[in-house]
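One-based numbering, in listed order, for ligands and for the atoms of each.
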Amino acid sequence: MTPFDHLPQVSFMGPDATEPFALRTYDKTRMVLGRTMEDWLRPAVAYWHSFVANGLDPFGAPTQQRPWFQGEPLPAALQKADAAFTFLERLGLPFFCFHDRDVAPEGATLRDSNAHLDHVLDRIEQHMERTGIRLLWGTANLFSHPRYMAGAATNPDPEVFAYAAGQVTHALEATKRLGGSNYVLWGGREGYDTLLNTDLAREDAQLGRFLNLVVEHKHRIGFTGTILIEPKPMEPTKHQYDRDVATVYGFLARHNLLGEVKVNIEANHATLAGHSFEHEIATAAALGLLGSVDMNRGDPQNGWDTDQFPTNAQDLSLAILEVVRAGGLGQGGFNFDAKIRRQSIDVEDLLHAHVGGIDTMARALLIAERITLDGALDAALERRYAGWDTQFGQAALSGAMSLPMLAEHAANGGPGPSAQSGRQEALENLVTRLSC
Ligand code: XUL
Ligand code: CO
C-alpha cells in the first residue's frame with residue numbers, strides 16, 4: 001500500500017480532453033522533427049522534490065505528510081522507494097534522478113551510509129527492471145549535513161574534502177550500477193558567505209583537483225555517462241563558484257577539463273544569475289557544453305529559487321528552440337527540478353504538477369517545431385551574418401588579414417558600411433504568430 005495507489009494512470013487523451021490528469025499535448029510517440037517527443041525531452045522526476053520534501057520552510061513546520069516520514073529510517077526508505085515507483089508508473093515518464101541521501105538515510109559512519117544506499121538501491125534496481133523506468137542522473141548530497149557548512153571540495157579542512165570524495169566515489173559507482181546516463185555535481189555550498197574568511201585561490205585549486213579526481217574515477221570504473229556541473233550563482237551561499245555557464249567554462253578550461261565535463265542548466269538558476277534560460281542554453285551549445293536541463297521556473301517578483309513547475313509554453317519555447325538548434329540534449333534530458341507549493345498537501349497535487357509541466361514542455365516543443373519548419377527566423381539570421389560567409393569575411397575571421405590589412409580594406413571602402421535594421425519587433429511578431 002502506498003499513498004499513490006489510488007492515483008489514475010496518466011495518458012495522452014488529445015487536445016480536447018478536460019480530465020484533470022489527461023495529457024493534452026504530450027504524446028510520447030508523436031514525431032517532431034525526426035524524433036519522438038519522448039526522445040527530444042527525455043523527462044525525469046526529481047526524487048528529492050517529489051518524495052523527500054515535506055513543505056518545511058524557514059517560517060513553519062512541514063505541511064505534507066507521507067508515511068515514510070515516520071518510523072525507522074531504513075525500512076522507511078524502502079517504503080519510500082516502493083511509493084516513488086508507484087508514482088512514476090502512474091505518471092509514465094521514462095526517467096528519475098536522485099541524490100544519495102534522498103534514497104537512503106545517512107548512517108553513523110561513511111561505511112554505514114554506503115551500506116544503507118546499497119541496500120535501498122537493491123530495491124530500486126528491482127523496480128527499475130520491473131517498470132523499465134531509467135536513471136537520468138545520480139548525484140551526492142554534499143550540502144545538507146553540517147560537516148559541509150563551509151563547503152565540500154572547497155572546505156578549509158582537507159578531511160571534509162576526503163569525506164566528500166568518499167561520498168562521490170560511492171554515488172558515482174551507484175549511478176553506474178543503475179545504468180545512469182549522467183552524473184551531476186551541483187556545488188551546493190562551494191562558494192562563500194564572506195570574503196573575510198575565504199581564500200579564493202585555494203578554493204579554486206581544491207575544486208579543480210576534486211573535479212579532476214571525479215573524472216579520473218569515472219574512467220577508472222568505465223562509467224560511460226557524462227559528468228555535469230550545475231551552475232547556480234547564489235543560495236545557499238552568498239556567492240557560488242559555479243555561477244553560470246560562462247563561469248563554468250572558464251573553470252573547466254583552467255583545470256584542463258574541457259571535453260570531459262558538460263553542464264546541467266537549471267531554468268531558475270539562469271534567472272537568478274540575471275540571464276534568461278535560453279541564454280544559458282545557447283551559451284552552453286556555443287561552447288560545446290550542453291549536457292542536460294533542470295526544468296523549472298522562478299517567480300518574476302521573487303529573487304530566490306522558487307523551483308516551480310513550468311506553465312508558460314510560449315516563454316519556454318525560446319529555450320526549447322535553442323535545444324532544437326543544438327540538435328537535442330544527447331544523453332541528457334529534462335529533469336523536473338521543481339516542487340509543489342507548501343499548501344499543496346495532497347498527493348494529487350504532485351500529479352497535477354507533473355502533468356501540467358510535461359504538457360507545457362510538449363507545447364513549447366511544438367512551437368519550436370513550427371518556428372523551425374517555417375524557416376523564416378533561421379533565414380533572417382543567416383542573412384544578417386551573410387557578410388561573414390564571403391571571401392572577405394572568411395579572411396577577416398581566419399586570421400589571414402592582420403589589423404593593418406583590415407584598416408587598409410576599410411580605408412579603401414569609401415563612405416563605409418551602411419547600417420542595417422536588427423528587425424527585432426518583426427522577429428518577435430513572427431515568433432508570436434507561430435506560437436498560437
Ligand atoms: C539546487 C538544485 C539541486 C541540484 C542537484 O538548487 O538545483 O537540486 O539539481 O543537487
Ligand atoms: Co537543479
Test: Asp102 and Lys80 ion pair at under 4.0 Å:
no
Sub-3.5 Å N/O-N/O distance, Trp186 and ligand 1:
no
Residue-level breakdown please: for Asp307 versus ligand 1, do any non-hydrogen atoms fall below 4.0 Å on the side chain, on the backbone, on both, or on neither?
neither
Of all the N, O or S atoms in Asp294, which one sits nearest to the Co ion (ligand 2)?
OD2
Would you call the rings of Tyr241 and Tyr192 parallel, tilted or perpendicular, where under 30° means parallel and over 60° means perpendicular?
tilted
Is the shortest N/O to N/O distance between Asn264 and ligand 1 below 3.5 Å?
no
With heavy atoms of Lys232 as the reference, note each atom of ligand 1 found under 4.0 Å away.
6 (O)
With heavy atoms of Asp294 as the reference, note each atom of ligand 1 found under 4.0 Å away.
9 (O)
For Lys232, which of Asp305, Asp294, Asp242 qualifies under salt bridge (Lys or Arg N to Asp or Glu O under 4.0 Å)?
Asp305
Given the options Val263, Leu287, Thr283, Ile229, Tyr249 meets side-chain contact (heavy atoms from CB on, under 4.5 Å) only with Leu287
Short version for Glu230: what comes under 4.0 Å of ligand 1, heavy atoms counted, is side chain
Side-chain ion pair, Arg30 and Asp27, N-O less than 4.0 Å
no
Please say whether Asp305 places an N or O atom under 3.5 Å from an N or O atom belonging to ligand 1.
yes
Tell me whether Trp137 has any N or O atom under 3.5 angstrom from an N or O of ligand 1.
no
Run Phe85 and Thr2 through side chain to side chain contact (heavy atoms under 4.5 Å, CB included) and show every step you take.
CA-CA 10 Å; Phe85 274 83; Thr2 85; over 6 Å; no
Does the separation of the ring centres of Phe161 and Phe210 fall below 6.0 angstrom?
yes
For the Co ion (ligand 2), which N, O or S atom of Glu230 is at the shortest distance?
OE2
Which N, O or S atom name in Glu266 marks its closest approach to the Co ion (ligand 2)?
OE1
Please report which non-hydrogen protein atom sits nearest to atom 5 (C) of ligand 1, along with the residue it belongs to and the distance in Å to one decimal place.
His99 NE2, 3.2 Å
The Co ion (ligand 2) to Asp337: nearest N/O/S atom name
OD2
Val184: heavy atom below 4.0 Å from ligand 1, yes or no?
no
Please verify the inter-ring angle class for His354 with Phe336; under 30° counts as parallel, over 60° as perpendicular, anything in between as tilted.
perpendicular
Please state whether the rings of Trp137 and Trp48 are parallel, tilted or perpendicular, taking 30° and 60° as the class boundaries.
tilted
Applying a strict 4.0 Å limit to heavy atoms, is His269 in contact with ligand 1?
yes
In terms of the angle between their ring planes, are Phe51 and Tyr47 parallel, tilted or perpendicular, with boundaries placed at 30° and 60°?
perpendicular
